[in-house]
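The figures that follow rest on heavy atoms only: side chains count, while hydrogens, waters and symmetry mates do not.
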Amino acid sequence: MELGKQRPSRTYKNKTYYCPISLAMDLVGGKWKGVILYYLLSGEKRFSELKIVIPEITDMTLSIQLKKLEDDGLITRTVFGDKPPLKVLYKLTPLGERIGPALEQLCLWGLTV
C-alpha cells in the first residue's frame, strides 16, 4: 500500500470513511476495545472472566464496550438459560478474528517500548 495515495471512500454502518485507519480506529480504538478483543482471541469468555483479566476496567465500562463491539459486529453475545443467573458468553466473530494478527503485532511492539 502506498502511503498518502488517494484512496476511495468506504462506508460502514452508514458512516463514510476516507481513510482505512479511521475506520479501523473507530472499530477498535480507545482504551479498552483492543484489550477486550485481545483477551477474546484465546476463546470465548464470560463477563466475570474478562473482569479477572482486565481488573482495572469498571463493570459499567466493560458492559458499554462489549455492547459497542457487538453493535460493530466484532463480537457475539450468547445467552444461555431463561431465568437468572444467566450464562452469557462473548466471542469473536469472523470479522473480529481478523484483527488478531494486528493486535498480536501491537502487543509485540508494546513489549519493545
Q: Tell me whether Leu86 shares a hydrophobic cluster with Leu62, the cluster being built from Ile, Leu, Val, Met, Phe, Trp, Tyr side chains joined at under 4.5 Å.
A: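 Cluster IDs for Leu86 and Leu62 match.
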Q: Once you round to the nearest 0.5 Å, how far does CG of Leu27 lie from CD1 of Ile99?
A: 8.5 Å
Q: Determine whether a donor-acceptor pair (N or O, by modelled atom type, separation under 3.5 Å) exists between the side chain of Tyr12 and the backbone of Asp72.
A: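 Yes, because the side chain of Tyr12 sits within donor-acceptor range (under 3.5 Å) of the backbone of Asp72.
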Q: Do Tyr90 and Val79 sit in one hydrophobic cluster, given that two such residues count as connected whenever their side-chain heavy atoms are within less than 4.5 Å of each other, even indirectly?
A: yes
Q: Which heavy atom in Glu44 sits nearest to a heavy atom in Glu49, and how many Å separate them?
A: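 Reported closest heavy-atom pair: O-OE1, 4.3 Å.
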Q: Would you say the side chain of Arg98 lies within less than 4.5 Å of the side chain of Leu95, judging by non-hydrogen atoms?
A: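 In short, these two side chains touch, coming nearer than 4.5 Å.
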Q: For Thr11, give me all partners under side chain to side chain donor-acceptor pair (under 3.5 Å), at least two apart in sequence or on another chain.
A: Thr16
Q: Linking I/L/V/M/F/W/Y whenever their side-chain heavy atoms sit closer than 4.5 Å, directly or via other members, would Ile64 and Ile75 fall into one cluster?
A: no
Q: With rounding to the nearest 0.5 Å, note down the distance linking NZ in Lys91 to CD in Glu97.
A: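 CD of Glu97 is found 7.5 Å from NZ of Lys91.
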Q: So, taking the atom named CG in Leu50 and the one named CD in Gln65, what distance separates them when rounded to the nearest 0.5 Å?
A: 12.0 Å
Q: NZ/Lys33 to CG/Leu69 distance, rounded to the nearest 0.5 angstrom?
A: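 Lys33 atom NZ to Leu69 atom CG measures 6.0 Å (nearest 0.5 Å).
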Q: Go through the structure and list residues passing side chain to side chain donor-acceptor pair (under 3.5 Å) with Lys15, not counting sequence neighbours.
A: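 By the side chain to side chain donor-acceptor pair (under 3.5 Å) rule, Lys15 matches Asp26.
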Q: Would you check if Arg10 and Leu23 make a side-chain contact, meaning some heavy-atom pair closer than 4.5 Å?
A: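 They are in side-chain contact.
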Q: More than 12 heavy atoms of other residues, nucleotides or ligands under 6.0 Å from NZ of Lys31: yes or no?
A: no
Q: Look at atom OH of Tyr38 and say whether more than 12 heavy atoms of other residues, nucleotides or ligands are closer to it than 6.0 Å.
A: no
Q: Would you compute the distance between atom CH2 of Trp32 and atom OG1 of Thr58 and round it to the nearest 0.5 angstrom?
A: 8.5 Å
Q: Does Leu103 share a hydrophobic cluster with Val53, counting links as ILVMFWY side-chain heavy atoms below 4.5 Å and allowing steps through other members?
A: yes
Q: Would the distance check show the side chain of Ser9 and the main-chain N or O of Tyr17 forming a donor-acceptor pair, the cut-off being under 3.5 Å?
A: no
Q: Nearest 0.5 angstrom please: Arg46 CZ to Leu89 CG, how far?
A: 6.5 Å
